[in-house]
2 protein chains.
Amino acid sequence: MSEKKRITLDDVARLAGVSAITVSRALRRPEMVSEAVRKRIDSAVAELGYVPNPAARHLATGRSNVIGVLIPSVTNNVFSEVLKGIYAASETSPYDVQLANTRYCANTEESALRLFASQKPAGMVVSGFDQTEAGRKLLETLDCPVVQIMETGEDPVDVCVGLSHFHAAEAATRHLLAQGYRRPGFLGARMDPRTRRRFAGFRAEAQAAGVFAEARVVTSTEASSVTKGAEMLRQLMAQAPEVDAIFCNNDDLALGALFEAQRLGLSVPERLGICGFNDLEVMAVANPSLTSVRTRRFEMGRSAIEIILARLDGGWQGPRVVDLGHEVIARQSTARQR
Amino acid sequence: MSEKKRITLDDVARLAGVSAITVSRALRRPEMVSEAVRKRIDSAVAELGYVPNPAARHLATGRSNVIGVLIPSVTNNVFSEVLKGIYAASETSPYDVQLANTRYCANTEESALRLFASQKPAGMVVSGFDQTEAGRKLLETLDCPVVQIMETGEDPVDVCVGLSHFHAAEAATRHLLAQGYRRPGFLGARMDPRTRRRFAGFRAEAQAAGVFAEARVVTSTEASSVTKGAEMLRQLMAQAPEVDAIFCNNDDLALGALFEAQRLGLSVPERLGICGFNDLEVMAVANPSLTSVRTRRFEMGRSAIEIILARLDGGWQGPRVVDLGHEVIARQSTARQR
DNA sequence: CATCATGTTGACAGCGCTGTCATTCGTCAA
DNA sequence: TTGACGAATGACAGCGCTGTCAACATGATG
């Protein structure tokens with residue numbers, strides 16, 4: 001019943017009455033083959049249901065059709081949006097996306113990178129700018145398009161697509177101050193490089209206004225989560241009860257903080273203003289709805305792939321640094337009467 | 001500076017003073033090579049930083065090192081947990097996971113399957129039992145371990161790991177009834193096969209108790225989301241205001257429904273009981289905390305890969321149907337005074 | 001001492017494809 | 001008419017690895 005034998009170029013060639021190499025050309029650069037022959041080949045391909053063997057192609061060309069993607073976490077909501085964009089853009093391309101999880105560890109990233117390098121990827125997508133030195137060098141010698149996502153930076157390996165977390169956090173803090181809050185605090189979990197830059201933005205803005213206090217900062221090295229947000233708010237209220245607003249380094253923390261504030265009987269936004277980061281879907285629906293900073297995660301993933309495809313196709317005319325920007329979405333959780 | 005040349009088996013062989021094939025063996029079946037030679041080879045490998053070329057191996061063996069994973073959605077929280085399990089279990093193995101998105105469409109799934117088939121995957125993970133006929137046949141002739149995840153079924157292609165959505169929904173409904181709710185409703189988005197089975201479980205249990213009413217069912221073909229949950233509750237309250245409890249086909253809907261209930265001034269759990277499905281992390285922290293049905297999604301992903309690895313390694317002694325079960329986690333949102 | 005099983009190593013071909021030539025043939029200018 | 005040239009096609013080798021089988025050494029056996 002099931003024919004186990006693989007259908008090869010030769011089979012197609014025989015059926016079409018041409019040589020294998022011509023079939024190969026007809027498939028890859030149809031313009032090099034006369035129309036008559038191309039038609040014969042196309043119908044032979046269809047008749048036999050021929051599918052090229054990527055491994056053989058890889059071996060012959062020394063190039064794989066893999067686009068490697070290095071992200072710190074598969075589960076984090078933020079990255080899952082990015083991934084969605086990546087898959088959306090790559091689906092119709094002849095390239096395969098291959099994911100590796102760096103777990104927020106530069107060394108893990110480096111070894112994953114090394115593994116990808118051995119496959120001669122068609123392109124690479126990596127998160128941020130905080131590679132190890134060897135990792136960075138590896139990326140530079142990879143000889144394929146490399147897109148750094150999640151943030152913007154001065155000197156990308158090749159191209160980067162993201163936003164300035166520092167500026168975004170500044171804007172969020174500015175919003176809190178504009179709403180009349182005067183004793184802002186900060187909740188930050190995981191404290192990866194981008195979280196740290198957000199903290200720096202918060203601090204810079206708060207210090208400029210003369211309202212920064214170390215006691216109103218609660219951080220954790222653990223992963224962020226809704227539960228964590230609740231815990232951290234409790235801790236913050238214990239150590240700095242005067243706090244009147246919080247900037248959370250992401251939406252999970254903000255949501256957890258909201259729930260906990262309700263349990264503690266702190267009215268939001270009157271007694272406590274809450275601002276998250278990323279603007280996950282839940283923020284708009286929560287009760288009260290939660291202020292957040294919108295980041296364009298889906299677009300980040302999508303353009304990363306689109307840039308790679310454009311590069312591979314000859315041209316990418318865009319700039320080396322693509323800033324997708326940010327937008328503070330003010331909602332009930334910071335809508336205090338001034 | 002950067003040596004572009006690939007290091008091959010031959011290079012290692014030359015340095016170790018043996019033939020290429022011996023190096024190949026030392027790497028794949030060390031027990032077939034004498035200890036002295038193995039040591040020389042190992043140090044040559046280390047010295048040169050040799051990394052095997054998977055494409056060449058694939059071509060020579062006719063087998064790739066790819067484990068194909070077909071899931072309906074990359075973003076859905078449920079699958080991201082499963083993915084995490086998959087990545088966790090495959091990370092240390094020599095196999096590469098490759099993902100394809102079926103978008104809840106059997107035809108998309110079939111063509112992805114066809115693509116994978118052409119790569120001779122080492123193993124396949126697919127979601128559920130609702131393949132097209134051709135898809136099912138393809139899986140059967142794939143000649144590699146195939147694990148169906150997300151649900152249990154009578155006749156898996158090979159092995160399946162999941163739970164009975166019907167029974168889980170029955171249990172949730174039983175819980176609502178045991179809490180004294182008498183006019184239960186159902187909120188269901190996306191209505192994929194598993195959602196439908198959950199609905200069937202809800203209906204069966206409600207009908208058995210004589211409390212099922214078609215008017216208290218709200219469904220949608222759109223994807224589920226927190227926003228959707230809010231919308232659907234509003235619709236339900238409009239068309240069947242007598243409803244006193246809802247079973248939501250997943251947690252996003254339940255959370256959205258909770259927020260909307262608060263906005264509508266419906267007290268939870270007194271006026272309205274809410275039960276979700278999957279027990280995402282947020283359920284325990286919400287205020288009030290939300291009852292849900294815990295499913296072991298991480299384990300599903302992990303065991304799928306473990307089963308494949310065991311199969312490839314010679315033996316998988318376990319059953320063909322692995323039921324990971326379910327557990328109703330009762331929380332405040334259904335804790336009504338009887 | 002011949003015989004044989006066992007353990008270790010190597011030679012060789014070939015997986016399916018493509019890069020690099022070489023070849024053929026028709027066309028057009030001189 | 002001739003030569004030159006470009007377009008279309010093909011022959012061949014080889015990408016890096018492994019399956020198969022042969023060769024060899026070793027020590028046990030009769």
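Each chain gets a letter, A, B and so on, in the order its sequence line appears, and its residues count up from 1.
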5'-most contact on DNA chain C: B/V18 or A/S24, nearest heavy atom basis?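 Nearest-nucleotide comparison on DNA chain C picks B/V18.
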For A/R57 and B/V33, find the nucleotide of DNA chain C closest to each by heavy atoms; which residue's nucleotide sits nearer the 5' end?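 The answer here is B/V33.
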Looking only at the side chain of [X] (C-beta and beyond, no hydrogens), which of the listed nucleotides [options] gets closest?
X	options	result
B/S34	C/dG16, D/dT18, C/dT8	C/dT8
A/N53	C/dG16, C/dT18, D/dG16	C/dG16
A/T22	D/dC15, D/dT9, C/dT8	D/dT9
B/I21	C/dA11, C/dG16, D/dT9	C/dA11

Any side-chain N or O of A/S19 under 4.0 Å from OP1/OP2 of D/dG10?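 Yes, such a contact exists.
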What is the distance, to the nearest angstrom, from the [atom1] atom on [X] to the [atom2] atom on [N]?
X	N	atom1	atom2	value
B/R6	D/dC15	CZ	C1'	10 Å
B/H58	D/dG19	NE2	C1'	16 Å
A/R29	C/dC17	CZ	C1'	15 Å
B/D10	C/dG10	CG	P	12 Å
A/I7	C/dC17	CD1	C1'	16 Å
B/N65	D/dC17	CG	P	13 Å
A/M32	C/dT18	CE	C1'	12 Å
A/R38	D/dA7	CZ	P	15 Å

Has the side chain of [X] got a donor or acceptor atom that lies under 3.5 Å from a matching backbone atom of [Y]?
X	Y	result
A/R6	A/V51	yes
A/N76	A/S73	no
A/S64	A/Q119	yes

Base, sugar-phosphate or nothing for B/R28? Non-hydrogen atoms, less than 4.0 Å.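 Touches sugar-phosphate only.
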Regarding B/R63 and B/D143, does a basic nitrogen lie under 4.0 Å from an acidic carboxylate oxygen?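 Yes, charged N to carboxylate O under 4.0 Å.
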Salt bridge B/R103-A/E91, side-chain N to carboxylate O under 4.0 Å: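 Counted as a salt bridge, because a side-chain N and a carboxylate O are separated by less than 4.0 Å.
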Could a donor-acceptor pair under 3.5 angstrom be found where the side chain of A/R25 meets the base of C/dG19?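 Between C/dG19 and A/R25, which were checked side chain against base, a qualifying N/O pair under 3.5 Å is absent.
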